[in-house]
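These notes concern the structure reproduced below.
Start at 1 and go down the list; that is how both ligands and their atoms are numbered. This is a predicted model, so every value here is computed, not measured.
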Amino acid sequence: MSKSRIRLGVNLDHIAFIKKSRDTRYPNLSDAVHISENAGADLITIHLREDRRHIQESDAYEIRKCAKVVNLEMANTFEMIKFAMDLKPDYVCLVPEKREEKTTEGGLNVVNINAADQKFLKNNIENLKSLNIKVSLFINPDIQDIEQSKLLGADIVELHTGTYANTFGTDAEEKEYEKLKIAAKYADEIGLVVNAGHGLNYENIGRICKIQNLNELNIGHSIIADAVFIGLKDAIGKIIRIINNCD
Ligand code: PXP
């Protein structure tokens with residue numbers, strides 16, 4: 001892959017989480033899409049989870065209508081495949097999902113699964129691709145997982161950067177960073193598009209951007225967390241102006 005700017009997918013789940021926490025109409029997700037795109041986001045990423053803890057189906061349809069490019073993260077289930085085939089995002093990223101986890105804790109298991117599960121995964125990838133949806137598998141930075149993703153027909157692998165992020169600044173960081181570097185190079189060499197994401201923030205992203213072969217990063221939590229502080233002053237000022245001018 002020739003080196004150009006790494007694309008940025010902005011994950012809006014945590015804006016949807018604020019909306020869901022009170023079932024309000026705000027924060028408006030179309031506004032979030034427009035602000036993200038105007039700020040330079042190349043695509044909008046959302047994760048419709050089984051427990052609907054943040055993005056709802058209606059949010060996904062609203063975002064699909066107004067976003068230029070949509071990446072839907074989802075579990076590999078009948079229900080979600082049916083939903084994706086109706087939503088028709090530009091990309092689907094298949095992720096493992098457990099109800100009890102706070103966020104996606106590991107990569108998709110593509111190697112140690114039985115023949116029936118492998119067939120199910122392969123068929124789902126084919127069905128999504130038949131609708132011109134590009135399919136990505138969210139996997140650990142592991143050579144076997146990359147090879148298996150290719151065999152299953154994925155267009156893209158998204159390398160899970162969570163362990164690197166969790167070990168950043170510790171003795172274990174280097175080992176995790178090397179795994180990502182080797183995995184990105186190998187996946188690129190065998191013809192897969194290579195994305196990465198999870199747990200990336202202003203401190204740990206610098207080294208990730210130095211990895212050749214990366215096409216795109218998907219980032220949510222740290223951007224939305226920082227947006228709170230970048231915007232808090234203006235948000236308070238806005239309400240004070242309304243209070244002061246209310247008579
Ligand atoms: N990529 C994938 C596949 C994910 O599941 C997530 C979390 O939803 C992210 C990227 C973004 O992670 P974070 O919110 O930690 O930036």
Side-chain angles (χ1 to χ4, degrees), residues 6-18 20 29 32 36 39 41-56 59-60 63 69-77 80 84 89-110 121 125 128 133-142 145-146 149 154-168 176 180 183-184 187 192-209 211 214-228:
I6 299 175
R7 286 154 52 86
L8 174 66
V10 174
N11 182 314
L12 298 183
D13 291 350
H14 299 284
I15 297 187
F17 180 74
I18 296 174
K20 174 63 192 154
L29 288 164
S36 303
D42 297 286
L43 67 148
I44 300 299
T45 293
I46 52 176
H47 184 173
L48 183 66
R49 291 189 76 104
E50 190 198 2
D51 64 6
R52 306 294 191 267
R53 71 176 72 154
H54 34 60
I55 291 283
Q56 309 299 301
D59 296 330
I63 288 168
V69 185
V70 176
N71 172 31
L72 174 68
E73 295 170 357
M74 56 178 232
N76 177 40
T77 61
M80 289 312 308
D90 302 277
Y91 299 91
V92 159
C93 179
L94 294 173
V95 302
E97 206 174 287
K98 289 193 223 107
R99 255 179 192 266
E100 63 278 13
E101 69 191 356
K102 287 207 172 87
T103 181
T104 320
E105 281 162 5
L108 195 65
N109 186 2
V110 286
L121 180 55
I125 293 171
L128 292 166
I133 299 169
K134 294 245 182 302
V135 182
S136 163
L137 300 182
F138 188 46
I139 56 168
N140 293 322
D142 175 273
D145 286 2
I146 292 167
S149 301
D155 305 288
I156 306 164
V157 284
E158 179 165 330
L159 302 177
H160 196 311
T161 49
T163 311
Y164 159 77
N166 289 339
T167 56
F168 186 75
E176 295 306 322
L180 286 165
L192 289 161
V193 173
V194 192
N195 297 344
H198 210 284
L200 296 178
N201 60 35
Y202 300 91
E203 287 176 353
N204 63 27
I205 196 177
R207 299 195 78 192
I208 296 292
C209 297
I211 298 178
L214 282 184
N215 165 65
E216 175 187 297
L217 299 175
N218 282 297
I219 309 179
H221 195 265
S222 67
I223 293 178
I224 306 307
D226 203 46
V228 172

Problem set entry | Residues that Asn76 engages under side chain to side chain donor-acceptor pair (under 3.5 Å), provided they are two or more places apart | Asn124
Exercise. Do you know the tightest heavy-atom contact between Cys93 and Phe138?
Worked result: SG-CB, 3.8 Å
Exercise. Can a non-hydrogen atom of Gly199 be found less than 4.0 Å from any atom of ligand 1?
Worked result: yes
For this session: Please name the pair of heavy atoms, one in Lys20 and one in His54, separated by the smallest distance, quoted to 0.1 Å.
Result: CB-O, 3.9 Å
Exercise. Side chain, backbone, both or neither: which part of His221 comes within less than 4.0 Å of ligand 1 when only heavy atoms are counted?
Worked result: both
Seminar exercise, completed: Nearest heavy-atom approach of Ile46 to Asp13 is CA-OD1, 3.5 Å
Problem set entry | Atoms of ligand 1, numbered as shown, that sit under 4.0 Å from any heavy atom of Val95 | 3 (C)
Exercise. Is the shortest N/O to N/O distance between Cys93 and ligand 1 below 3.5 Å?
Worked result: no
For this session: Run the numbers for me: atoms of ligand 1, each under 4.0 Å from some heavy atom of Asn11, listed by number.
Result: 8 (O)
Problem set entry | Option of least heavy-atom distance to atom 11 (C) of ligand 1 (set: Thr161, Ile205, Asn218, Leu200) | Asn218
Exercise. If you measure every N/O of Glu158 against every N/O of ligand 1, is any gap under 3.5 Å?
Worked result: yes
Exercise. With atoms numbered from 1 as shown, which atoms in ligand 1 lie under 4.0 angstrom from a non-hydrogen atom of Glu73?
Worked result: 1 (N), 2 (C), 3 (C), 4 (C), 5 (O), 6 (C), 8 (O), 9 (C), 10 (C)
Exercise. When you look at Leu137 and Leu94, which way does the side-chain contact (heavy atoms from CB on, under 4.5 Å) test go after all the steps?
Worked result: CA-CA 5 Å; Leu137 300 182; Leu94 294 173; 3.8 Å; yes
Exercise. If you measure every N/O of Gly220 against every N/O of ligand 1, is any gap under 3.5 Å?
Worked result: yes
For this session: Check whether any side-chain heavy atom of Val69 lies under 4.5 Å from a side-chain heavy atom of Asp42, and answer yes or no.
Result: no
For this session: Just jot down the side chain to side chain donor-acceptor pair (under 3.5 Å) partners of Asn218, sequence neighbours excluded, or say none.
Result: Thr45, Glu158, Glu216
Seminar exercise, completed: Closest to atom 6 (C) of ligand 1 by heavy-atom distance, out of Glu216, Glu97, His54, His198, is His198
